[in-house]
Amino acid sequence: MTPTLSHLKALEAESIHIMREVVAEFRNPVMLYSVGKDSSVMLHVARKAFYPGPLPFPLLHVDTGYKFKEMYAFRDWYAKEIGARLIVHRNEEAIAQGAHPLKLGVARCCGALKTKALLDALAEGGFDAAMGGARRDEERSRAKERIFSFRDEFGQWDPKNQRPELWDLYNCRIHEGESIRVFPLSNWTEVDVWQYIKLENIPIVPLYYAKERLMVRRGTLLIPADDAGNLKEGEQPEVVMCRFRTLGCSPCTGAVYSTATTIDEIVAEAATATRSERETRIIDHGSNTMEDKKKEGYF
Amino acid sequence: MNSIDQNIFAATDTELLRFTTAGSVDDGKSTLIGRLLVDTKGVFEDQLDAAKRIEAKKGAKGAYLALLTDGLQAEREQGITIDVAYRYFATPKRKFIIADTPGHEQYTRNMVTGASTAHLAVILIDARKGVLTQSRRHTYISRLLGIPHIVVAINKMDLVGYAQETYEKIVRDFLEFYEKLDVTGGDVTFIPISALEGDMVVERGHNMPWYEGPTLLEKLETAPVLVQINAEDFRFPVQLVSRPQTEELHDFRGYMGRIESGSVKVGDAITVLPSGLTSRIKRIITWDGELEEAFAPMSVTLTLEDERDISRGDMIVHTDNPPRVEKELRAMLCWMHETPMVPGKKYLIKHTTTTVKAMVTALEYRVDINTLEHIPAPPELKMNEIGLVNLKLLKPIACDAYEKNRATGGFIVIDDFTNMTVGAGMIR
C-alpha cells in the first residue's frame, strides 16, 4: 500500500515543482513579494524548493508608499532574516505628484502606483518570469488563469487566447520582450494558506491578528484611521477589535470585526467565513473589474 | 472557503480529488457546479448575492447558479463557457478541484486540458435528450486521457417527471455504446440528478426514492484517488542540478525533481537515462529533514554515491525497472491550434523535463470523435482533431506508455516559431 500525501503536502509539492521549472527554464526570474500571507507562503515554499541552496532569484516589492507601517517593518526584518535579495520599486513620479485614492479615484491610483510600477519594475530588471502569490479561488477571472500565464511585450493578458496547459508540462518558451507570470499557489485556497501557515509556523505581519485598532466605518468597510490622510470629511474614528484578512494599501483595505488573536483562531475563522476575503479590497468593487485590470498588467 | 463542518478543517490530512465536468451549454453544467458549490457552502455570501442580483435583472429561475461559475466577461455575455475554469470546494471528507470545461466539439482541446489532471470525470446527459453524440465524445476523451472514474450524471430529471424508466433507458443506451469503446480498466457510475432542484447532487431530495445509489457528492467523496499514480515504477525526471557552491556546501551536487511515480529508498540501485550511467541513492534531502524513503508526488532532492554527469532532462529510475528509451514513438495526438498539423513538419515536444525536436513522420489515422471511426491517412490534423501519429525525435527520451504512466507518457507539442502550445500527445 502506497502512502498518500495530505492535501497540504500535495499542494506544497506541486508549488515546489512549479518554482523549479521556473528557475530551470527562465534566464532571469523574480518573485513578487507583497508582504501579505500568500506571499509569505509562496516565499516559504520557495526556500524549501531550493534547499539546501539559497533562493536563486530576488524578491520584488512593488511599493505604493501607502502600505501599512507594520508591513514595511516586517518586510525589512524578514528579508534580512532569511538573507533574501529584496528589490523595492515605486512609481516615484506619481508619488511625488501626490497620487492618492481619495484624490485620483481608486482605479487610476492603482493603475499608476501598482500596474504601471509593476510593468516598469519588470522591464527595468529585465525579468522574463515573475512569480506571484495569486490564487484561483480569489476571484472569478483568476479562476481562468493558467499557472504559467503568457504576457505580450506590453505586459498584457489575453484571456481568450491562452496557451493550453496540460498535466504538469509548462510551456516556458517566449520571445525577447515577452514574459510569463507564474502562479505557484494557483490551486491553494484561503483555508489552505492559513492551515499551511499554522503547520509550518510561518511568520506573518501582525495586522492579521485581531487587536483594538483606531478605525473609521465607511459603508460596510472598516478603514484604518491612524493616518489622517485616509479620512474623508466628517468621519469619526473609533476603537474597534478587528483584524485584516488581506493586506493592501492602508487607505483601500478594510478590516473585519474579529477576536482571532492566535493562528488557531484565524484558521477556524477562515474555515467558517461566509464572506470572501477580497470583499475588503476597494479595488475589486466598481466598474473596472479584476479582468480589466489583469488585461492591463495587474497581477 | 466555508465548510459543512467547521471542526474538520483543523485536520490537515484530507485528500485532494481533481475532477472534470464535461457537458454542453444546455446540459446544465454550470448549474450543476453552482449547485455543488452552493450546497457544500463552497461559495461566499457576497459572491452569491452578486450572482442573485444579476439573476433578478435577467429573470430566469436558478440562473444564479450558472452565474457563479462563468468567469470571463465574454462568457457571461454569451452565456457559454469558453475556457477551462478551476473551482475549489471542500467537505469534511475531501478537498476538490473542479476543472470546468466547455463541451462543444470546437472546445475539444479545452476538454482534453481539463481531463489531463483529473481523477474523475462527470459527464452530463440531459434526461430529455438521452445519449447524444457529445456524450460519446466526452466519454471517449475521458478514457483517452486515462481518467479512471466516470460518473454519468443524468440531469434535468425534474423535466421528465423523475421517471425511473427514462433513467434506465439512458443507462442501457450508454452501456451499449460504452462496451464497444476500446478501453480497459476504470469504472462507470450512473446517477440521476436535478441540478436545478438539487436532487441527488448533495442532498438526496424526495423525488427519486427508486434510486438507491450514491449522490454525486458521495461518489466524489469516495472514489479512490490513488489509482491516478503509478505506484510501482520509480520515475524521477531531473528538473535542476543544485550546486550551491557555498562554503559549507562546496562539494554538494543534488538532483532536484519530483517523483512522478513509484517510490525510492536510500541505497537503491539506480540508472540515469538516456545515458545509462548507474549509481546508488545516497541521500534524499528535503527542508523538513532527510528521508529514508520518498514516494510520488513528492518534490525532493537526491544525491548519488558516485559523481555522474547528470543534467536537466535526464531521468533517474530503478536499475531493475527501467522505462523504454526511444527515438521513434507512436502517439495519440490532440491538435490544439488553428494551423493544422501536417506530417513532415518539425515541432518541439516537451516531455517530463526535456524538450526535444521532433518530426511527425506519419499520420496513421484520425479518430472521428463522434462515431469513434478511424479515418486512415488524412492529409492533416485540424484543431480539435485527434489522431495516431508516428514521431521521430532528434534525441532519445525515457518514456512509458501513457496508459501505464500518465507522467512519463504524456507530452505537449510546441511550435518553435510562435512558441504556442499546439498539441498534446499520449505515447502508445
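Labels below follow one simple rule: chain letters A, B, ... track the order of the sequence lines, proteins then strands, and each chain is numbered from 1. Nothing here was measured: the structure is a model prediction, and the numbers come from that model.
- Of the possible donor and acceptor atoms, one in the side chain of Arg20(A) sits under 3.5 Å from a partner among the backbone N and O of Gly257(B).
- Chain B forms more heavy-atom pairs under 4.5 Å with one residue of Glu178(A), Glu14(A), Glu25(A) than with any other, namely Glu25(A).
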**Item:** Residues Arg109(B), Glu165(A); criterion salt bridge (Lys or Arg N to Asp or Glu O under 4.0 Å); working and verdict
**Value:** CA-CA 10 Å; Arg109(B) 60 184 194 137; Glu165(A) 196 162 80; over 6 Å; no
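- A heavy-atom distance below 4.5 Å is not found between the side chains of Glu12(A) and Trp287(B).
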**Item:** Steps toward side-chain contact (heavy atoms from CB on, under 4.5 Å) verdict (Ile16(A), Met298(B))
**Value:** CA-CA 9 Å; Ile16(A) 289 176; Met298(B) 291 168 72; over 6 Å; no
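- Heavy atoms closer than 4.5 Å to chain B are found in the side chain of Glu200(A), but not in its backbone.
- Contact annotation for Ile414(B): only side-chain heavy atoms (C-beta onward) come within less than 4.5 Å of a heavy atom of chain A.
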**From CA spacing to verdict: side-chain contact (heavy atoms from CB on, under 4.5 Å), Tyr51(A), Thr301(B)** = CA-CA 8 Å; Tyr51(A) 174 85; Thr301(B) 300; over 6 Å; no
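- Between the CG atom in Leu145(B) and the CG atom in Leu166(A) there is a gap of 7.5 Å [rounded to 0.5 Å].
- For the residue pair Tyr88(B) and Asn187(A), the shortest heavy atom distance occurs at OH-OD1, 2.5 Å.
- Within 6.0 Å of the CG atom in Asp158(A), the count of heavy atoms belonging to other residues, nucleotides or ligands exceeds 12.
- Against chain A, the residues from residues 347-354 of chain B that qualify, each with a non-hydrogen atom under 4.5 angstrom away, are Leu348(B), Lys350(B), His351(B), Thr352(B), Thr353(B) in number order.
- With respect to chain B, the highest number of heavy-atom pairs below 4.5 Å among Gly53(A), Ala143(A), Ala49(A), Ser186(A) belongs to Ala143(A).
- Arg87(B) CZ to Arg136(A) CZ: the interatomic distance, rounded to the nearest 0.5 Å, is 10.5 Å.
- In this structure, OG1 in Thr421(B) is found 11.0 Å from CZ in Phe150(A), a value given to the nearest 0.5 Å.
- Nearest heavy-atom pair across Gly410(B) and Leu169(A) is O-CD1, 3.6 Å.
- The CD atom of Glu15(B) sits 10.5 Å away from atom CG of Leu5(A), with the distance rounded to the nearest 0.5 Å.
- Here the options are Thr113(B), Val84(B), Ile412(B), Val422(B), the test is side chain to side chain contact (heavy atoms under 4.5 Å, CB included), and the partner is Pro164(A); only Thr113(B) passes.
- Remark: Lys9(A) engages Asp288(B) in a salt bridge, criterion side-chain N to carboxylate O under 4.0 Å.
- Side chain of Ser116(B) to backbone of Trp167(A): a donor-acceptor contact under 3.5 angstrom is found.
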**Message:** Let's go through Asp416(B) and Arg173(A) carefully: what are the C-alpha distance in whole Å and the side-chain angles of both, what is the deciding distance for salt bridge (Lys or Arg N to Asp or Glu O under 4.0 Å) to 0.1 Å, and is it a yes or a no?
**Reply:** CA-CA 8 Å; Asp416(B) 71 348; Arg173(A) 296 179 65 88; 5.7 Å; no
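- Within the 3.5 Å criterion, the main-chain N or O of Asn419(B) finds a donor-acceptor partner in the side chain of Arg163(A).
- Contact annotation for Arg146(A): only side-chain heavy atoms (C-beta onward) come within less than 4.5 Å of a heavy atom of chain B.
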**Item:** Chi angles and distances behind the side-chain contact (heavy atoms from CB on, under 4.5 Å) call for His17(A), Glu260(B)
**Value:** CA-CA 11 Å; His17(A) 175 259; Glu260(B) 293 288 359; 4.1 Å; yes
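- For Asp264(A), no part lies near chain B; criterion is any non-hydrogen pair under 4.5 Å.
- Between Ala13(A) and Ser299(B), the shortest heavy-atom distance links the atoms O-OG, 2.9 Å.
- Both the backbone and the side chain of Phe50(A) come within contact range of chain B, judged by heavy atoms closer than 4.5 Å.
- Under the 4.0 Å criterion applied to side-chain N and carboxylate O atoms, Glu21(A) and Arg258(B) are not assigned as salt-bridge partners.
- Between Asn171(A) and Met420(B) there is no side-chain heavy-atom pair separated by less than 4.5 Å.
- Here Leu16(B) contributes atom CG and Leu11(A) contributes atom CG; the two are 6.0 Å apart, rounded to the nearest 0.5 Å.
- Listed by sequence position, Pro244(B), Leu249(B), Phe252(B) are the residues of residues 241-255 of chain B in contact with chain A, using a 4.5 angstrom heavy-atom cutoff.
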**Request:** Test Phe89(B) against Asp137(A) for side-chain contact (heavy atoms from CB on, under 4.5 Å), laying out the working first.
**Result:** CA-CA 9 Å; Phe89(B) 71 100; Asp137(A) 81 322; over 6 Å; no
